[in-house]
Amino acid sequence: MDNFAAGTAVPETELDAAELEVPARILPVAELHLHIEGTLQPELIFALAERNGIALPYAGLDELRERYEFTDLQSFLDLYYANMAVLQTEQDFADMTRAYLERAAAAGVRHAEIMMDPQAHLSRGIPLETCVNGVASVLATSQEEFGISTLLIAAFLRDLSEESALEVLDGLLAMNAPIAAIGLDSAEVGNPPSKFERLYAKAREAGLRLTAHAGEEGPASYIIEALDILGVERIDHGIRCMDDPDLVERLVDARTPLTVCPLSNVRLRAVDTLADHPLPAMLAAGLNVSVNSDDPAYFGGYVDDNFAQLDAVFELSDFDKARLAANSIHSSFASEERKAELLDELNGGEVAHP
Ligand code: HPA
Ligand code: ZN
């Protein structure tokens, strides 16, 4: 295709049939479940380590990539937190954010709600200002530069205490951090939503939107707690709701958004294979599900890769693809005006996804 890029005419006989295929239109989507620290690609980890004079415990890219064989959520979290050591300066956080937005734009993302883990940086001696300002400095120009509207979600580590979370929320509010919402992530089992009742009450009082990981590895009852005790508007993951038919009915009736991450669920062994993923059953049940990438550098793909692999296994109909994209837009915390713009863009074209 280089000849086309250079504007050189190529005799038709020299064209490969595959090159003549018109690529499927990439649907505009909102990415609602994305950990910015989970976008650190191996190459960037090494580049930042070199820039900051940090010795990594891997000899090279291949040795690092060999560690991306996860057995469960905790085995991933151990590597995810360890690799954050390379994030030292505002510039590091900015470079990571820029790399994500560039790739997300190519994946069809037009609105991104980006989680970050401030406690994972504070515990390494990195001030709140460094991580928040580094990420926020790039988000500020994202719509202009990448066509992606954004908002920032401060996620709290549920394996730490509620006191720690409250202290960090205070710090974020005191510095007037540009956060729109809070979330709850990290090791789920044994750390139920009820542990964070005061944190969510405080965030609600501060006018923040509320979401929480629930029902990834943890039971359906954690989803109920997140709704009833924390008052969340959205559930991150939520796949375990399928174990509880009454809960499914409740989620369908309330149109509660579930930000599902299929490749993440496969890589963290929440499901055996993609063919075993409950997404088609969730759609069939009428649940308000969207497709998201979670930690794309670790789980083998961005939103477009998630769609492509789902499509390869389940042969999603155009209607279902469009429904997933529309759900993501409706479920976002974007302004009504921005949602209308994105829905117009979605409805304006054919409905096919790579
Ligand atoms: N689950 C819980 N915590 C996380 C994840 C996840 O998939 N990614 C980053 N923190
Ligand atoms: Zn997540």
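These numbers come from the heavy atoms of this one structure, side chains and all, not from hydrogens, waters or symmetry mates. Remember, it's 1-based here, ligands and their atoms both numbered in the order they're listed. Keep in mind that this is a model prediction, so the values were computed, not measured.
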**Student:** Please name the atom of H35, restricted to N, O or S, that is closest to the Zn ion (ligand 2).
**Tutor:**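 Checking each N, O and S atom of H35, the shortest distance to the Zn ion (ligand 2) belongs to NE2.
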
**Student:** Pull out every atom of ligand 1 sitting under 4.0 Å from any heavy atom of H237, numbered as shown with elements.
**Tutor:**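 Under 4.0 Å from H237, ligand 1 has these atoms: 7 (O).
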
**Student:** Looking only at protein heavy atoms, identify the closest one to atom 3 (N) of ligand 1 and say how far it is in Å.
**Tutor:**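 Looking at atom 3 (N) of ligand 1, the protein heavy atom closest to it is S186 N, 2.8 Å.
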
**Student:** Just need the protein heavy atom nearest to atom 7 (O) of ligand 1, so name the residue and atom and give the distance.
**Tutor:**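 Among all protein heavy atoms, the one nearest atom 7 (O) of ligand 1 is D294 OD2, 2.7 Å.
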
**Student:** I'd like the atom name of the N/O/S atom in H33 lying closest to the Zn ion (ligand 2).
**Tutor:**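 Going by distance to the Zn ion (ligand 2), the closest N, O or S atom in H33 is NE2.
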
**Student:** Under 4.5 Å between side-chain heavy atoms, hopping through other hydrophobics if needed: is there a path connecting F299 to L310?
**Tutor:**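 Yes; tracing contacts between hydrophobic side chains, which count when under 4.5 Å, links both residues.
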
**Student:** Hydrogens and angles aside, do Y302 and N292 bring a side-chain donor and acceptor to less than 3.5 Å of each other?
**Tutor:**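 There is no such pair between these side chains.
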
**Student:** Between H237 and the Zn ion (ligand 2), is there a contact where an N/O/S atom of the residue lies under 2.8 Å from the metal?
**Tutor:**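 No, since none of the N, O or S atoms of H237 sits under 2.8 Å from the Zn ion (ligand 2).
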
**Student:** Within 45° of the six-membered ring axis of F333 and under 6.0 Å from that ring's centre, is NZ or CZ of R234 located there?
**Tutor:**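 Yes - R234 lies over the ring of F333, closer than 6.0 Å to its centre and within 45° of its axis.
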
**Student:** For ligand 1 and D295, I'd like to know whether there is a polar contact (N/O to N/O, distance under 3.5 Å).
**Tutor:**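 Yes; the residue has a nitrogen or oxygen that sits under 3.5 Å from a nitrogen or oxygen of the ligand.
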
**Student:** If you measure from each non-hydrogen atom of E188 to ligand 1, which part falls under 4.0 Å: side chain, backbone, both or neither?
**Tutor:**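 E188 to ligand 1: no contact under 4.0 Å from either part.
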
**Student:** Quick one: look up the protein heavy atom nearest atom 1 (N) of ligand 1 and list residue, atom name and how far away it is.
**Tutor:**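 Protein heavy atom with the smallest distance to atom 1 (N) of ligand 1: E216 OE1, 2.8 Å.
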
**Student:** May I ask you to check whether S264 has an N/O atom sitting below 3.5 Å from an N/O atom of ligand 1?
**Tutor:**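 Checking ligand 1 against S264, no N or O pair falls under 3.5 Å apart.
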
**Student:** Let me see the working for D311 and K321 under salt bridge (Lys or Arg N to Asp or Glu O under 4.0 Å), right down to the final yes or no.
**Tutor:** CA-CA 9 Å; D311 205 15; K321 287 177 223 172; 3.0 Å; yes

**Student:** Could you tell me if D236 and T211 have a donor-acceptor pair between their side chains, going purely by distance under 3.5 Å?
**Tutor:**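 Indeed, the side chains of T211 and D236 share at least one donor-acceptor pair under 3.5 Å.
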
**Student:** So does E43 have more than 12 non-hydrogen atoms from other groups sitting under 6.0 Å from CD?
**Tutor:**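 Buried by this count: over 12 neighbours within 6.0 Å.
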
**Student:** With a 3.5 Å cut-off and no angle check, do the side chains of S194 and E225 form a donor-acceptor pair?
**Tutor:**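 A donor-acceptor contact under 3.5 Å links the two side chains.
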
**Student:** Report yes or no: do S186 and D159 form a side-chain donor-acceptor pair below 3.5 Å?
**Tutor:**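 Yes, side-chain donor-acceptor contact under 3.5 Å.
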
**Student:** Please note down the angle at the Zn ion (ligand 2) between OD1 of D294 and NE2 of H213, to the nearest 10°.
**Tutor:**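 About 170° at the Zn ion (ligand 2).
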
